[in-house]
Amino acid sequence: MNQTKSYIADKVAEMKPSGIRRFFDLASNMEGVISLGVGEPDFVTSWSAREAAILSLEQGYTSYTANPGMLELREEISSYMNRRFYVEYNPKSEIIVTVGASQAIDIALRAILNPDEEVIVLEPCFVAYAPLVTLAGGNPVPVQTLKENEFKVLPEQLEAVITAKTKAIMICSPSNPTGSLLSASELEAIANVAKKHDLLIISDEIYAELCYDEEYTSMAAINEMWDRTLLISGFSKGFAMTGWRLGFVCAPEELTQAMLKIHQYSLMCAPTMAQFAGLEALKSGSNDVEDMRKSYRRRRNLVVQSLNDMGLSCHIPGGAFYAFPDITATGLTSEQFAEKLLMEEKVAVVPGNVFGESGEGHIRCSYASSLEQLQEALKRMKDFTDRYRQ
């Protein structure tokens with residue numbers, strides 16, 4: 001086709017592909033690779049949830065559900081969020097079941113942003129945040145969190161970047177990629193800034209079930225924050241249901257109904273059989289979640305101790321299933337470290353710079369792998385760091 005102009009939207013043409021995907025593609029073409037790069041559980045979905053999905057198919061439930069999701073599922077989500085995290089939402093008007101938490105973030109941003117309004121994004125962060133802000137017509141404003149603060153934002157950092165165009169602050173706790181968990185007092189400090197400047201909080205709580213040393217606190221449970229929080233969560237991480245693509249967003253009715261308009265026109269509804277699986281997971285999956293959490297905690301302790309022993313300084317992540325060690329002792333950049341480790345030792349990790357500038361000098365290691373694989377990967381990493389340590 002002869003072209004005299006580009007048919008691609010400028011903001012898409014200028015957008016970089018996912019930095020994580022490049023390393024997955026490299027690793028997939030090599031034999032004998034141990035991947036510590038995958039951001040998903042190594043457990044399978046519970047049998048009871050799988051069986052519920054199978055039964056729904058056998059019984060012929062293959063049509064659309066209501067746009068915001070099956071009411072029975074929304075009612076169970078409402079009950080679950082109340083008993084587990086002490087936040088209350090009306091299942092009929094304040095919850096939307098989405099195609100993964102990523103779609104929930106997408107419709108949240110599109111529902112609140114006017115052209116050129118700003119969203120503060122705390123880096124290092126999930127690679128999709130800034131691009132989704134851009135695609136929604138807004139401007140992402142990065143705030144670089146620091147290793148010495150365990151990558152937790154300080155209120156004064158937020159104050160320094162707030163302008164008349166600031167609309168929201170995006171947070172994720174426990175964090176991808178650092179695993180850092182915000183305590184109730186740390187959430188309150190962020191909340192005070194949001195209230196002072198009349199800002200919304202988009203709170204990504206997808207890893208809320210995977211906390212290891214203290215109870216999880218939702219931003220929506222912080223005093224006076226329920227009505228300015230868009231709570232994003234789902235089934236992928238805590239319930240080992242990544243491939244089902246099932247998430248949800250909870251928010252005050254005005255915000256939820258705005259998001260529902262976008263959801264109606266772009267996705268219609270989440271897959272019906274996935275909704276049946278999610279319903280069963282909430283009803284009967286608590287023991288499976290707890291087993292996973294205990295297993296990840298043991299793996300976390302092994303990985304963090306081993307990384308520190310080999311000279312790669314690493315804080316103890318409070319949640320999720322990622323370690324984020326400092327690799328500057330090797331004299332390599334994040335990209336160099338990840339590429340050389342893959343080529344020389346066949347261990348795949350993700351370079352920290354793909355999560356934002358403050359991720360440079362670090363790598364993300366997922367410990368959602370078996371203990372045997374983790375032990376072998378750590379042995380190879382020690383051999384590698386011994387060669388390069390300066």
Side-chain angles (χ1 to χ4, degrees), residues 20-21 24 27-28 31-59 61-62 69-70 73 76-77 80 84 97-104 126 174 176-177 179 204-212 216 233-248 270-303 317 319-323 347-350 364-377:
I20 297 177
R21 183 52 51 191
F24 284 169
S28 66
E31 290 188 6
V33 171
I34 300 175
S35 178
L36 305 185
V38 180
E40 65 175 332
D42 61 318
F43 294 88
V44 297
T45 306
S46 70
W47 170 243
S48 61
R50 286 180 281 153
E51 190 174 43
I54 294 167
L55 182 60
S56 76
L57 292 172
E58 290 177 339
Q59 293 179 336
Y61 290 105
T62 57
M70 292 163 37
L73 175 56
E76 195 61 38
I77 290 170
Y80 179 79
R84 184 72 179 83
V97 179
T98 59
V99 183
S102 294
Q103 192 232 342
F126 178 44
N176 174 12
D204 184 349
E205 305 186 5
I206 191 68
Y207 293 98
E209 286 293 356
L210 302 178
C211 298
Y212 307 116
Y216 184 78
S233 193
F235 296 81
S236 292
K237 313 300 182 178
F239 293 93
M241 293 179 65
T242 51
W244 298 85
R245 306 313 304 130
L246 193 66
F248 57 87
T272 302
M273 64 290 297
Q275 293 191 53
F276 275 100
L279 176 61
E280 180 60 29
L282 290 176
K283 287 181 175 180
S284 65
S286 59
N287 289 338
D288 296 288
V289 173
E290 181 61 15
D291 288 344
M292 280 192 289
R293 193 189 67 79
K294 289 179 179 178
S295 178
Y296 288 139
R297 190 178 191 277
R298 290 193 295 270
R299 301 181 206 183
R300 177 202 66 171
N301 294 342
L302 167 69
V303 169
F321 37 63
Y322 308 111
V347 175
V349 296
V350 182
R364 190 189 77 175
C365 304
S366 169
Y367 45 87
S369 298
S370 69
L371 277 174
E372 292 75 18
Q373 284 187 312
L374 288 173
Q375 288 166 340
E376 177 59 27

Side chains of [X] and [Y], heavy atoms from C-beta outward: is any pair under 4.5 Å?
{"X": "S233", "Y": "F248", "answer": "yes"}
{"X": "T62", "Y": "T272", "answer": "no"}
{"X": "R300", "Y": "Y212", "answer": "yes"}
{"X": "P174", "Y": "L210", "answer": "no"}
{"X": "S236", "Y": "M241", "answer": "no"}
{"X": "V97", "Y": "L246", "answer": "yes"}

- Task: Could you give me the CA-CA distance, side-chain angles and deciding distance for R299 and S295, then say whether side chain to side chain donor-acceptor pair (under 3.5 Å) is met?
- Result: CA-CA 6 Å; R299 301 181 206 183; S295 178; 3.0 Å; yes
Nearest-0.5 Å distance, [atom1] of residue [X] to [atom2] of residue [Y]:
{"X": "S102", "Y": "D204", "atom1": "OG", "atom2": "CG", "result": "8.0 Å"}
{"X": "E51", "Y": "T45", "atom1": "CD", "atom2": "OG1", "result": "13.5 Å"}
{"X": "F235", "Y": "Q275", "atom1": "CZ", "atom2": "CD", "result": "9.0 Å"}
{"X": "F321", "Y": "C365", "atom1": "CZ", "atom2": "SG", "result": "13.5 Å"}
{"X": "N176", "Y": "K237", "atom1": "CG", "atom2": "NZ", "result": "7.0 Å"}
{"X": "S56", "Y": "M70", "atom1": "OG", "atom2": "CE", "result": "8.5 Å"}

- Message: One pair to check against salt bridge (Lys or Arg N to Asp or Glu O under 4.0 Å): R293 and E290. What are the steps and the verdict?
- Response: CA-CA 5 Å; R293 193 189 67 79; E290 181 61 15; 2.9 Å; yes
Closest non-hydrogen atom pair, [X] against [Y]:
{"X": "V289", "Y": "G238", "answer": "CG2-O, 3.3 Å"}
{"X": "Q375", "Y": "L302", "answer": "CG-CD2, 4.0 Å"}
{"X": "S35", "Y": "V38", "answer": "OG-CG2, 3.4 Å"}
{"X": "A277", "Y": "A53", "answer": "CB-CB, 4.1 Å"}
{"X": "I206", "Y": "A101", "answer": "CD1-CB, 4.0 Å"}
{"X": "T98", "Y": "A104", "answer": "OG1-CB, 3.6 Å"}

- What do you reckon, are the aromatic ring centroids of Y207 and Y216 less than 6.0 Å apart?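 No, too far apart.
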- Measure centre to centre between the rings of F43 and Y296, then say whether the value is under 6.0 Å.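 Centroid separation for F43 and Y296: below 6.0 Å.
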- N/O donor-acceptor pair under 3.5 Å between S370 side chain and Q373 backbone: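 Present.
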- R364 side chain to V349 main-chain N or O, any donor-acceptor pair under 3.5 Å? no
- Worked verdict on L374 versus Y367 for side-chain contact (heavy atoms from CB on, under 4.5 Å): CA-CA 7 Å; L374 288 173; Y367 45 87; 4.1 Å; yes
- Query: When you look at L36 and V350, which way does the side-chain contact (heavy atoms from CB on, under 4.5 Å) test go after all the steps?
  - Reply: CA-CA 8 Å; L36 305 185; V350 182; over 6 Å; no
- Message: Please determine whether side-chain contact (heavy atoms from CB on, under 4.5 Å) holds for the pair L282 and L73, giving the CA-CA distance in whole Å, both sets of side-chain angles, and the decisive distance to 0.1 Å.
- Response: CA-CA 9 Å; L282 290 176; L73 175 56; 4.1 Å; yes
